[in-house]
Amino acid sequence: MSDHDDLDAPATTSIDLIDEAKLLLIDGHSMAYRAFFALPVENFATTDGQPTNAVYGFTSMLINLIRDEKPTHVFVAWDRSGPTFRTEQYAAYKGTRSASPEEFRGQVPLIHEVLGALNIPHLGIDGIEADDILATITDHAERRGAEVLVCSGDRDTFQLVSDQVTVLYPRKGVSDLARMTPAAVSEKYGVPPQRYPDLAALVGETSDNLPGVPGVGPKTAAKWITTYDGLDNVVASADAITGKAGESLRTHLAQVIMNRQINGLLRDVETALTLDDLARVPIDREAVHQVFDALQFRVLRDRLLQMLPEDEAAAEDVEDLALTVTDLAPGALGGWLAERAGQELGLDVAGKAVQGGGDAWAVAIADDGGTSVAIDLATVENADLDALGAWLADPAAAIAVHDAKATSHALSGRGLTLAGVTLDTLLAAYLCHPDQRTYDLGDLAVRYLQRELPSGVDAAADGMLDIGLDGDPFGGRAAAARAVAVHELAEPLRTDLASRGATALMGQVELPVLATLVGMERAGIAADVPYFSGLESEFDAAVERAALGAYEAIGHEVNLGSPKQLQEVLFVELDMPKTRKTKTGWTTDADALADLFARTEHPFLGNLLAHREAIRLRQTVEGLLKSVAPDGRIHTTFQQTVAATGRLSSTDPNLQNIPIRTAEGYRIREGFVVGEGYEGLLTADYSQIEMRIMAHLSSDEGLIDAFQSGEDLHRYVGSRVFRVEPAEVTSAMRAKIKAMSYGLAYGLSAFGLSKQLSISAGEAKGLMDDYFERFGGVRDYLTGVVDEARGEGWTSTILGRRRYLPDLTSDNRQRREMAERMALNAPIQGSAADIVKVAMIGVTSELERRDLGSRLLLQVHDELVLEVAPGEREEVTELVREQMAAAADLEVPLDVSVGFGRSWRDAGH
DNA sequence: CATCGGACGTA
DNA sequence: CGTACGTCCGATGC
């Protein structure tokens with residue numbers, strides 16, 4: 001291909017065949033407009049309210065096309081506003097089109113930015129429509145032997161279709177594209193592509209406001225065009241055509257002729273573009289990150305980066321660094337490490353993380369010089385293994401690693417202990433961006449280093465820390481690449497942590513608690529399998545009973561687990577009053593069913609509710625039984641980087657949502673028992689920690705007094721609000737106060753309070769006013785916390801853990817108010833999380849210091865569960881009380897209650 | 001086969 | 001129109 005062959009150069013000059021070329025030509029306006037209507041605008045907007053649905057749909061379509069079609073050249077043509085040669089010819093052209101909505105027009109410049117970042121040429125020409133530009137390029141490329149894909153929602157482009165040219169025409173939305181080949185056009189319209197404009201001229205095109213011949217549809221038009229061999233001959237023979245249609249044609253001949261003039265696409269538009277200009281070039285990565293960050297297109301960015309061929313990877317690639325993997329002579333590891341004493345080294349382990357003991361097959365270590373060593377654990381010499389083990393277990397050896405918890409589990413499978421972690425890049429990323437969902441190492445490399453990991457390295461499967469690259473069976477090379485990335489990330493992440501005031505949180509809280517979590521996950525909690533099995537059959541029978549009762553009540557069977565079928569039964573068959581609306585109908589949740597039951601007393605409802613409860617309990621027990629490990633214990637995974645407020649969460653199985661409220665559910669706790677060799681389970685929980693934090697943060701004298709008085713909190717607050725003696729606070733009053741106190745920490749409104757307590761809006765409002773009158777400090781605090789967060793951009797906990805809430809300044813009321821409730825709750829929930837974490841660290845270290853055999857097993861937000869070694873009950877009870885109470889210095893005391901027993905149920909209180 | 005929404009368990 | 005989670009299931013769309 002020559003360097004400069006202008007598109008408008010005479011096509012008769014020597015034509016180089018470029019039959020390897022495949023062009024993707026897109027009508028930008030038409031596809032963006034389709035995307036705008038295909039995707040609901042309310043679901044696509046940046047946090048500051050900029051709509052992005054058209055940008056998203058267009059970009060998504062573009063990425064898919066590039067991925068699936070692998071074009072060698074890509075180009076986007078735009079319409080310009082203003083008159084075109086067609087409107088000059090026919091003033092009403094496209095006259096029926098309403099002006100595009102403001103929300104759409106604002107997105108076109110954003111699409112330009114995306115195309116700029118992707119280095120995709122795009123162009124609009126005054127007075128010319130996008131399809132004419134596309135037709136010109138198509139014509140030229142076709143003559144040079146190239147294959148062309150034209151993506152447009154305008155049917156006029158069908159005239160371009162040939163053996164080499166396919167039009168991709170959106171069927172619905174922008175992802176479902178019909179491939180209009182010559183055969184497809186002929187089949188659909190009964191004429192070959194080059195005659196499609198003939199047909200359109202007769203039939204008319206509503207979207208262009210071109211009227212056709214009344215009474216002539218595609219069938220008649222195709223018949224004429226075929227019979228008379230083209231529109232010219234149809235026109236010439238108009239007098240010979242009989243019938244109503246012929247008559248109609250004769251009266252509309254002028255319109256038909258003009259239609260044909262207008263719908264023919266230009267093929268000789270002058271542009272300065274050459275085919276070479278359209279050839280794909282590597283994207284501008286920096287710009288892509290900037291633009292996609294600004295548009296908040298995380299998933300799309302991942303899809304884009306994933307699709308790019310490796311040869312587009314930046315020259316300065318982690319892969320290159322990883323290639324400097326040093327082959328150490330057997331026995332040399334100890335020396336290599338000794339030479340690097342004092343350096344913080346990057347670590348990565350290829351292996352599998354299992355809480356009870358995983359497996360590791362390769363270890364890689366990266367140093368300050370950008371080189372790394374990889375150790376194959378299957379073939380490693382004893383001397384090297386010893387050196388490795390000593391280094392890993394040395395608390396003084398500084399190690400940076402991504403996901404130290406999983407790494408510890410993998411290493412433990414080989415009997416190795418990980419001790420000296422000075423930075424976990426996963427935790428660091430979480431502290432810096434607590435609202436993100438995932439923190440893949442590859443993403444961090446992109447974000448902080450502007451680099452990509454070699455492909456395959458970051459595609460870790462479930463529970464797998466690494467997978468081997470091609471020709472890298474033991475995973476050492478992949479691990480080396482990751483170790484280098486981790487090592488390089490240490491500095492920028494530390495800087496970021498410091499700038500966010502999170503350095504101490506990392507060093508004093510998250511890293512130490514991580515070590516505690518490793519022990520808790522490894523320990524697990526003993527399960528009484530026969531008990532669970534018995535419970536399972538019992539719940540199973542209850543499910544059966546309730547189902548039969550429900551079927552009997554309505555005279556037929558129904559899937560009780562299907563909200564859709566339930567709606568049919570309740571609201572159609574039984575004609576019950578409608579409940580609250582959901583997106584898909586009317587709710588059938590427990591509250592609504594209980595309400596319906598109260599009103600109708602229909603036996604179906606009672607059985608349905610009983611079925612719901614029983615099936616859920618059975619499910620819970622089944623799940624627990626499935627997760628009992630060979631050691632007879634259940635090892636949950638505590639997620640340390642999931643909850644935006646700083647809490648832990650528990651998965652696989654979730655041991656933080658084991659039932660406690662209902663008597664039946666509570667029985668499940670009896671299956672969590674003390675393990676062999678231990679004396680019992682001890683539970684310790686903070687009472688009313690969130691309200692205590694509220695008292696502390698608000699410095700409200702009344703609330704602080706409440707906690708110092710020793711009086712029951714809600715009774716005390718109730719006596720103030722209702723202006724009665726504490727003894728005169730009725731249980732109804734107390735319940736209202738309790739609901740309100742806790743609701744305040746969640747951003748509860750008077751409306752919400754009235755609904756929850758089933759009282760009038762007026763009464764709820766009065767209750768809140770009275771509350772705030774007596775506890776003005778609370779009100780001041782709550783308004784202050786939102787104001788401050790709006791100004792700063794984030795909320796803070798007592799340990800400085802931030803939550804970023806950009807939506808506080810959103811124009812969208814719903815988003816803004818949601819952010820305000822988050823701002824109210826985050827400091828309270830987050831401070832509680834901080835305190836419990838500090839307590840866990842204190843308990844663990846004190847148990848260790850005193851060389852006790854008791855151990856921490858679970859954390860349930862404000863509760864700790866320990867397994868107590870024989871003879872340690874008293875000491876551990878004291879120790880736990882002390883450590884938990886001392887975890888924070890608040891203006892109110894932290895009250896801890898402790899229980900002890902053989903099962904979690906017995907230990908509860 | 002993957003994803004979404006409803007429902008519901010915990011704090 | 002009260003926060004934070006995880007899990008299950010049926011329905012839906014690829």
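Numbers restart at 1 for each chain; the letters A, B, ... are given by sequence-line order, proteins then strands. Worth knowing before you read on, the calculation uses all heavy atoms, side chains too, and leaves out hydrogens, waters and symmetry mates.
One can place CG of A:L617 at 14 Å from P of C:dC9, the figure rounded to the nearest angstrom. For A:R616 and B:dG6, the CZ to P distance is 16 Å, given to the nearest whole Å. The interatomic distance linking A:Q829 (CD) with C:dT3 (C1') rounds to 6 Å, in whole Å. Rounding to whole angstrom units, NZ of residue A:K564 and P of C:dC9 are separated by 19 Å. Rounded to whole Å, the distance from CG on A:L624 to C1' on B:dG9 is 12 Å. Regarding A:N654, its CG atom lies at a distance of 11 Å from the P atom of B:dA11, rounded to whole Å. In this structure, CZ of A:R612 is placed 9 Å from C1' of B:dG6, rounded to the nearest angstrom. Straight-line distance from the CG atom of A:D685 to the P atom of B:dA11: 9 Å, rounded to whole Å.
Here A:R616 does not pair with A:E664 in a salt bridge; the nearest charged N to carboxylate O distance is not below 4.0 Å. With salt bridges taken as basic N to acidic carboxylate O contacts below 4.0 Å, none links A:D834 and A:K837. Between A:E69 and A:R179 there is a salt bridge, since a side-chain N of the basic residue sits under 4.0 Å from a carboxylate O of the acidic one. We find that A:E536 and A:K626 are not joined by a salt bridge, their nearest charged nitrogen and carboxylate oxygen being 4.0 Å or further apart. Under the 4.0 Å criterion applied to side-chain N and carboxylate O atoms, A:R802 and A:E792 are not assigned as salt-bridge partners.
Listed pair A:S749 / C:dG2 meets the phosphate criterion, a side-chain N or O lying under 4.0 Å from OP1 or OP2. A sub-4.0 Å separation between OP1 or OP2 of B:dT10 and a side-chain N or O of A:S650 is absent. Side-chain N/O atoms of A:T588 include one lying less than 4.0 angstrom from OP1 or OP2 on B:dA7. A close approach under 4.0 Å does occur between a side-chain nitrogen or oxygen of A:T587 and OP1 or OP2 of B:dA7. The side chain of A:N657 contributes no N or O atom lying less than 4.0 Å from OP1 or OP2 of C:dT7. Residue A:S649 has a polar side-chain atom (N or O) positioned under 4.0 Å from OP1 or OP2 of C:dG6. Taking side-chain N and O atoms only, A:R647 has no distance below 4.0 Å to OP1 or OP2 of C:dA4.
Side chain of A:D862, nearest nucleotide from B:dA11, C:dG6, C:dG2: B:dA11. Candidate nucleotides C:dT3, C:dA4, C:dG10 were compared by shortest atom distance to the side chain of A:Y746, and C:dT3 ranks first. Here C:dC8 is the nucleotide among C:dT3, C:dC8, C:dG6 with the atom lying nearest to any side-chain atom of A:Q619. For A:A643, counting side-chain heavy atoms from C-beta on, the closest listed nucleotide (C:dG6, C:dA4, B:dA7) is C:dA4. If you check B:dA11, B:dA7, C:dG2 against the side chain of A:L748, the one that comes closest is C:dG2. Residue A:P659 has its side chain nearest to B:dG9 when only C:dG2, B:dG6, B:dG9 are considered. Closest contact between the side chain of A:R661 and the listed nucleotides B:dA7, B:dG9, B:dA11 involves B:dA11. Ranking C:dA4, B:dA7, C:dG6 by closeness to the A:R803 side chain, first place goes to C:dA4. Taking every side-chain heavy atom of A:M818 into account, C:dA4 is the closest of C:dA4, C:dT7, B:dG9. In the set C:dG6, C:dC9, B:dA7, the nucleotide with an atom closest to the side chain of A:D589 is B:dA7.
Ring pair A:F532/A:F672: centre-to-centre distance below 6.0 Å.
Residue contacts shown for A:I828 are absent, as no nucleic acid heavy atom lies under 4.0 Å away. At a threshold of 4.0 angstrom between heavy atoms, the contacts of A:Q756 include nucleobase atoms, whether or not backbone atoms are also involved. In this structure, A:I660 reaches the sugar-phosphate backbone alone: every heavy-atom distance under 4.0 Å involves primed, P, OP1 or OP2 atoms, never a base. Residue A:A644 is classed as a sugar-phosphate contact, given heavy-atom separations below 4.0 Å to backbone atoms only. Contacts of A:G743 with the nucleic acid, taken as non-hydrogen atoms under 4.0 Å apart, include base atoms. Counting non-hydrogen atoms under 4.0 angstrom, A:A745 reaches nothing in the nucleic acid.
Remark on DNA chain C: of its neighbouring residues A:E622 and A:N825, the 5'-side contact belongs to A:N825, judged by nearest-heavy-atom nucleotide.
When the P atom is used for both B:dG5 and C:dC1, the distance is 16 Å, rounded to whole Å.
From A:R881, atom CZ reaches atom OG of A:S897 across 7.5 Å, with rounding to the nearest 0.5 Å.
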